[in-house]
Amino acid sequence: MKGLNRAEVCDRNFSEFVEAWDGPVHAAPAADAPVLPGATLTAADFLHLFESQLISRHLDLMARVLRVQNKVFYTIGSSGHEGNAMVARLTRHTDPAFLHYRSGGFMAERFRKLPGMDPIMDSALSFAASKDDPASGGRHKVWGSKPLWVLPQTSTIASHLPKALGTAIAIGQARRIGHALPIPEDSIAICSFGDASANHATAQTAFNAAAWTAHQSLPAPVLFVCEDNGIGISVKTPAGWIAERFRAMHGLDYFFADGLDLAAGYGQVAAAVEHCRRTRRPTFLHLKTTRIMGHAGTDFEIEWRPIEELVRVEASDPLLRSAEIALMSGLMSKTGVLELYESIRTRCFAAAEEADRRPKLATLDEVMAPLAPCHADIVHREATRNDYAEARLKAFGGEAKLPEKQPPRHLAIQINQALHDLFAKYPEALLFGEDVAQKGGVYTVTKGLHKAFGPARVFNTLLDETMILGLAQGYANLGMLPLPEIQYLAYFHNACDQIRGEACSLQFFSNGQYRNPMVVRIAGLGYQRGFGGHFHNDNSVTALRDIPGLVLGCPSRGDDAVMMLRTMMALARVDGRVCAFLEPIATYMTKDLYEPGDGLWLTEYPAPDRAIPLGEGKVYGEGDDLVVFTFGNGVPMSLKAARRIEAETGWKVRVVDLRWLLPLNEAFLREQAAAAKRILVVDEGRRSAGVGEGILTALVEGGFGATPLARVCGADTYTPLAGAAFLVLPAEEDIMAAARGLA
């Protein structure tokens with residue numbers, strides 16, 4: 001049998017096992033009686049679970065056969081993990097589930113929760129990358145279902161654990177803020193992953209945060225299901241590692257269940273589920289599984305794994321034990337088991353052939369349709385909606401204290417006022433992060449919010465950016481409007497995948513059925529004096545700019561910040577968009593523009609019926625002799641340089657503040673460049689992969705390559721401490737020199 005395909009071996013093993021079985025047979029139990037003496041699993045439950053296991057297995061076998069015919073495009077299977085069907089049977093379809101890729105049994109069983117659903121056809125459409133796939137619309141093979149509360153994802157290395165925990169925490173948080181949940185209040189969140197993934201830093205983040213939460217007696221009903229098959233691709237997990245690592249972990253309640261034996265494992269799984277739902281505590285279910293047929297169809301285990309070991313693993317196939325239970329219990333005959341096995345094979349192949357005939361995504365527009373929805377008119381109406389006057393008066397303490405009635409203020413105060421305003425407008429809004437509550441943030445930007453709106457809506461988190469963004473996704477999943485704060489741009493890079501791989505991908509991989517509305521506030525960029533170094537003067541926005549679907553905005557002054565925040569909140573609420581609001585720290589407290597005491601960088605607070613649409617920039621001046629494109633700290637710096645350039649050359653200079661960095665409004669760029677005699681790009685980011693590259697590319701592709709062009713930007717280096725920081729960042733004198741070069 002060494003030369004055979006191991007999938008064929010496993011398939012043949014099942015039939016041969018059933019045909020050769022000659023064990024004792026009990027009297028067939030009633031439907032509500034134990035399937036075997038001493039078991040908690042009833043006969044009716046067993047029959048459903050057995051069928052779900054067989055569906056999962058034959059989907060795997062079908063995929064291996066039809067992949068070589070180019071009819072199926074995914075072969076990472078669930079074989080050996082079919083016992084996870086028990087978790088699905090013992091939970092509800094309204095318990096949000098975040099699943100890893102070996103969840104065929106779970107999905108087949110959860111499909112039973114609602115009438116009229118077909119686990120075989122729906123799965124086949126996903127395997128075939130059909131446009132009719134109800135989970136992702138043909139964008140990826142994912143386990144997912146909107147009606148079944150399985151959120152589609154491509155998480156493979158534990159990146160889904162933080163958002164699963166965030167969703168569990170959000171269940172209780174909703175009650176504390178009076179938010180109506182879309183699921184029952186006693187729901188739990190389910191999160192499955194493998195034993196190898198449990199070692200990943202992102203998984204450890206979630207486990208630590210779960211324990212940290214439980215330590216404070218905060219409800220966090222998450223069921224972590226570690227499906228332990230003892231191997232990750234080809235790297236074996238040391239024997240006993242998962243049990244010893246998690247059994248005694250403070251704040252995480254450990255349960256073990258045998259996922260290879262339905263009769264033995266069912267009661268164990270039931271105990272874990274009941275404990276999680278009743279206690280509202282993080283629960284770790286260690287589910288024993290195995291992995292047969294390799295990691296995927298391309299994993300030829302026979303080339304690197306001893307045949308004796310493969311045979312031992314294949315002998316532990318949970319379907320063999322389930323067949324034994326079916327026969328021993330008297331519920332099924334040998335003929336009945338084999339007929340069921342073959343009938344499901346027939347259904348799976350028929351569904352796959354039908355799925356292959358269904359349409360595929362055929363155009364770029366079809367592929368990208370759910371990625372970045374933008375209903376501009378509706379968003380603008382929402383951003384300028386002003387029907388919460390009473391809540392505003394309460395938030396600000398009366399008519400005379402409304403921010404629009406105050407004198408001009410600097411950027412930090414105006415952002416603070418905008419946050420108070422938005423919290424009055426959106427009772428489902430939450431603000432959280434490091435030091436944002438009583439302290440009001442390290443720059444006092446969130447000062448007073450905790451007092452005004454209470455600890456249920458404004459609160460500190462543990463110092464873990466990955467978990468901050470995981471929490472944000474959890475709150476968003478359940479209909480709240482999170483505003484997480486990342487204390488410094490440099491800290492975002494630690495947690496980037498929670499936005500890149502998770503939050504921004506959800507609409508894409510769910511075909512627009514699920515969304516993660518949020519506005520992430522990030523303090524960053526350079527030019528801070530007296531408090532510097534790389535971690536507080538990070539000028540690299542590259543990691544943000546190439547995230548598909550993300551909205552990235554960067555204000556340079558207070559009134560713009562207010563109106564951009566309103567639009568971002570509206571984008572999140574209306575279109576489910578993930579928005580990043582990059583706040584230039586160095587201009588937080590800036591009051592003057594040209595001369596000390598001129599107060600020209602203070603702004604009045606815009607009335608609540610004003611907002612800046614996505615992509616709309618701001619233009620200073622009307623000159624065409626030199627047009628300067630910039631953003632953030634570059635705006636006041638360019639305005640100062642422009643006045644000197646005009647005095648020195650007699651030119652008329654126009655400074656264009658982009659405000660929105662992703663997506664870049666290329667039509668606006670071309671419009672502003674149309675009459676320009678010279679173009680200068682001032683980008684405070686690094687030379688490589690900065691915003692400036694995007695601006696210049698858009699201009700050259702727009703036909704402005706013949707116009708004299710220049711770029712002033714930061715150096716490709718980390719930012720040093722103290723005065724040396726200003727050697728690596730663009731300066732006013734650099735702008736002057738570039739302008740002279742264009743002359």
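Here the structure is a predicted model, which means the values were calculated and not measured. Positions are given from 1, in the same order as the sequence printed here.
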- Query: Is the distance between the ring centroids of His58 and Tyr341 under 6.0 Å?
  - Reply: yes

- Message: Ring of Phe508, cation from Arg139 - is the NZ or CZ under 6.0 Å from the centre and inside 45° of the axis?
- Response: yes

- Task: Kindly check if the number of other-residue, nucleotide or ligand heavy atoms within 6.0 Å of NZ (Lys288) is above 12?
- Result: no

- Within a strict 4.5 Å, meaning less than it, do heavy atoms of the Glu353 and Leu66 side chains meet? yes

- Query: Are Phe207 and Phe246 close enough that their ring centres sit under 6.0 Å apart?
  - Reply: yes

- Item | Cation-pi, Tyr514 ring and Lys146 (6.0 angstrom, 45 degrees) | yes

- Item | Reported CD-to-CD1 distance for the pair Glu274 and Ile188, which is rounded to 0.5 angstrom | 10.5 Å

- Task: Determine yes or no for a side-chain-to-main-chain donor-acceptor pair under 3.5 angstrom, with Thr346 supplying the side chain and Glu342 the backbone.
- Result: yes

- Query: Would a distance-only check, ignoring hydrogens and angles, find a side-chain to backbone donor-acceptor pair under 3.5 Å from Asp228 to Asp195?
  - Reply: no

- Task: Would you confirm whether the ring centroid of His140 sits within less than 6.0 angstrom of the ring centroid of Phe509?
- Result: yes

- Out of Arg92, Arg175, Arg278, which residue meets the salt bridge (charged side-chain N to carboxylate O under 4.0 Å, His left out) rule with Asp186? Arg92

- Item | Student check: side-chain heavy atoms of Ile242 and Phe284 closer than 4.5 Å | yes

- Message: Show, in sequence, the C-alpha distance, side-chain angles and deciding distance for Thr466 and Gln498, and conclude whether the side chain to side chain donor-acceptor pair (under 3.5 Å) test is met.
- Response: CA-CA 7 Å; Thr466 297; Gln498 287 300 302; 5.9 Å; no

- Query: Side chain of Arg280, backbone of Arg277: donor and acceptor closer than 3.5 Å?
  - Reply: yes

- Query: Mind checking whether Ile190 and Phe106 have side chains closer than 4.5 Å, heavy atoms only?
  - Reply: yes

- With distance as the sole test, does Arg67 use its side chain to make a donor-acceptor pair with the main-chain N or O of Tyr74 at under 3.5 Å? no

- Non-hydrogen side-chain atoms of Phe111 and His93 separated by less than 4.5 Å: no

- Query: Without hydrogens or angle criteria, can the side chains of Ser136 and Asn511 be said to hold a donor-acceptor pair below 3.5 Å?
  - Reply: no

- State, with a plain yes or no, whether a side-chain heavy atom of Ile183 is found less than 4.5 Å away from one of Ile171. yes

- Message: Determine whether the aromatic ring centres of residues Phe255 and His286 are separated by less than 6.0 angstrom.
- Response: no

- Message: Taking CH2 in Trp21 as the centre, count heavy atoms belonging to other residues, nucleotides or ligands within less than 6.0 Å. Is the count above 12?
- Response: yes

